[in-house]
Amino acid sequence: MRVWGKVLGVFFGFLFGNVFGALLGLWLGHRFDKAVGGNFVFSAANSQAAQQEFLFSTFAVLGHIAKSKGVVTQQEIQVANFLMDQMRLQGEARRQAQEAFRQGKDSDFPLEEQVSRFVAAVNGRRDLLQMFMEIQLQGVFADGVIDDSEHALLERVALALGFSEQELQAMISRWEAELKFHRHGGGQRHSTQSSAKQLEEAYQILGVSVEDSDQQLKRAYRKLMTQHHPDKLVAKGLPPEMMELAKQRTQDIQQAYELVKLQRKAA
């Protein structure tokens with residue numbers, strides 16, 4: 001039973017309005033306690049529903065984009081299975097993800113309607129919407145390129161999520177840089193040439209330029225780490241199965257930041 005609203009209501013009500021103020025404070029405090037109690041129940045149930053919608057929408061949209069070229073390639077199927085492996089989806093959970101991917105491949109799949117349901121389920125939380133978009137980009141980059149049909153669908157998804165064309169392009173650039181960053185060994189330096197490439201990619205991952213100050217660099221780094229913090233994302237509705245994906249993103253951001261800092265100290 002929640003009583004703090006009533007206690008504080010009576011206390012402050014009495015200070016400002018004696019007995020009548022205390023009675024009014026008691027009533028307002030009771031309404032507050034009741035509202036807070038209800039919200040906790042709603043949040044718990046809503047969080048589970050949001051996680052289920054997140055998983056279904058993720059694989060359904062992946063399937064729809066994969067089919068945009070007419071045929072789903074083996075690489076795209078492997079990426080979907082890789083994501084399921086990373087999430088440790090087994091049994092019924094994996095079957096549901098596979099079914100979502102299959103439904104998404106239907107030519108009459110209601111893309112905008114499904115994305116809108118997802119946005120409503122997570123209450124439009126922008127960091128969750130961004131994580132969703134980044135997972136879609138991971139699927140699209142399965143073959144290393146984005147063709148016109150895939151790009152057109154990504155634009156529709158981004159618009160339904162509330163992202164502008166410029167924001168989509170920025171996410172594409174960051175994700176492309178991240179893939180190259182991995183190919184070149186992440187934060188590991190193998191040669192002068194590869195180091196120069198890694199450094200360029202590290203700046204793109206962080207969304208800053210060489211001309212930006214150390215303070216701007218740190219601000220961008222902290223913002224990205226906050227947006228992709230696994231525990232915070234799960235608390236907001238990210239399925240626990242997707243924590244590994246969020247962890248990988250934070251590791252890449254961390255490595256990119258460390259590489260840029262090291263280069264600036266040496267300069």
Side-chain angles (χ1 to χ4, degrees), residues 47 50 54 58 83 86-87 119 122-141 146 154 157-159 161-267:
S47 178
F54 202 129
T58 292
L83 289 172
Q86 277 196 308
M87 298 176 201
V119 173
V122 299
N123 294 320
R125 294 185 177 95
R126 198 166 178 80
D127 39 9
L128 292 181
L129 303 183
Q130 181 171 315
M131 185 71 186
F132 179 87
M133 196 72 220
E134 289 172 354
I135 294 173
Q136 299 305 318
L137 290 175
Q138 184 172 350
V140 170
F141 272 109
I146 300 179
L154 286 173
V157 173
L159 180 63
L161 291 172
F163 293 115
S164 66
E165 173 64 22
Q166 291 74 21
E167 289 171 320
L168 172 61
Q169 287 305 126
M171 282 188 274
I172 290 175
S173 296
R174 284 198 300 269
W175 186 250
E176 192 172 19
E178 195 165 333
L179 289 177
K180 293 178 180 178
F181 192 66
H182 277 290
R183 293 195 201 108
H184 296 148
Q188 302 297 321
R189 294 191 174 188
H190 300 293
S191 67
T192 304
Q193 184 179 12
S194 64
S195 293
K197 289 180 179 178
Q198 289 170 19
L199 188 60
E200 180 182 354
E201 291 149 10
Y203 273 107
Q204 289 178 324
I205 290 171
L206 297 170
V208 294
S209 67
V210 179
E211 290 76 21
D212 288 329
S213 65
D214 289 346
Q215 185 177 8
Q216 289 172 308
L217 170 67
K218 183 179 291 186
R219 189 181 303 122
Y221 161 72
R222 288 178 174 174
K223 180 180 179 180
L224 286 172
M225 290 295 283
T226 298
Q227 289 174 340
H228 295 88
H229 193 287
D231 293 330
K232 291 181 179 179
L233 289 175
V234 169
K236 293 179 178 180
L238 183 76
E241 296 90 344
M242 290 185 175
M243 279 191 71
E244 193 59 38
L245 301 180
K247 286 179 182 178
Q248 182 61 57
R249 293 286 290 126
T250 56
Q251 289 171 6
D252 292 341
I253 294 166
Q254 180 72 44
Q255 288 181 355
Y257 180 60
E258 293 298 332
L259 183 60
V260 171
K261 280 204 310 179
L262 184 64
Q263 182 273 338
R264 290 193 170 198
K265 285 182 180 179

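Starting from 1, each residue takes its place in the sequence as its number.
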Heavy-atom distance under 4.5 Å between the side chains of [X] and [Y], does that happen here?
X      : Y      : value
Met133 : Leu168 : yes
Thr58  : Gln136 : yes
Ile205 : Tyr257 : no

Supply the atom-to-atom distance [X] [atom1] to [Y] [atom2], rounded to the nearest 0.5 angstrom.
X      : Y      : atom1 : atom2 : value
Asp127 : Lys223 : CG    : NZ    : 11.0 Å
Lys232 : Met225 : NZ    : CE    : 10.0 Å
Arg264 : Leu199 : CZ    : CG    : 9.0 Å
Leu128 : Gln227 : CG    : CD    : 11.0 Å
Leu224 : Arg222 : CG    : CZ    : 13.0 Å
Leu233 : Lys247 : CG    : NZ    : 12.0 Å

query = Any sub-3.5 Å donor-acceptor pair from Glu244's side-chain atoms to Gln86's backbone N or O?
reply =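 No, because the side chain of Glu244 does not come within donor-acceptor range (under 3.5 Å) of the backbone of Gln86.
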ask   = Are side-chain N/O atoms of Gln251 and Gln255 paired as donor and acceptor at under 3.5 Å?
value =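 Absent: no donor and acceptor within the cut-off.
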inquiry  = Whether the Gln215 and Ser213 side chains hold a donor-acceptor pair (N or O, under 3.5 Å, no angle test) is what I'd like checked.
reply    = no
Check [X] against [Y] and note the closest heavy-atom contact, atom names and distance.
X      : Y      : value
Leu129 : Gly124 : CD1-O, 3.9 Å
Gly162 : Arg126 : O-NH1, 3.9 Å
Ala246 : Leu238 : CB-CD2, 4.3 Å
Leu83  : Ile135 : CD1-CG2, 4.0 Å
Ala202 : Phe181 : CB-CE1, 4.1 Å

inquiry  = By the definition side chain to side chain contact (heavy atoms under 4.5 Å, CB included), identify the one residue from His229, Met243, Met242 that meets it with Val234.
reply    =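 Testing each of His229, Met243, Met242 against Val234, the sole residue satisfying side chain to side chain contact (heavy atoms under 4.5 Å, CB included) is Met243.
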Tyr203 and Gln263: CA distance, side-chain angles, deciding distance, side-chain contact (heavy atoms from CB on, under 4.5 Å) verdict = CA-CA 11 Å; Tyr203 273 107; Gln263 182 273 338; 3.8 Å; yes
task = In sequence, state the C-alpha distance, the side-chain angles, and the governing distance for Gln130 and Glu134, and then conclude on side-chain contact (heavy atoms from CB on, under 4.5 Å).
result = CA-CA 6 Å; Gln130 181 171 315; Glu134 289 172 354; 3.2 Å; yes
query = When you look at Phe141 and Ile172, which way does the side-chain contact (heavy atoms from CB on, under 4.5 Å) test go after all the steps?
reply = CA-CA 9 Å; Phe141 272 109; Ile172 290 175; 4.1 Å; yes
request  = For the residue pair Phe54 and Phe132, categorise the inter-ring angle as parallel (less than 30°), tilted (30 to 60°) or perpendicular (more than 60°).
outcome  =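 Phe54 vs Phe132 ring planes: perpendicular.
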message = The test is side-chain contact (heavy atoms from CB on, under 4.5 Å); show your working for Leu245 and Met87 and say whether it passes.
response = CA-CA 8 Å; Leu245 301 180; Met87 298 176 201; 3.6 Å; yes
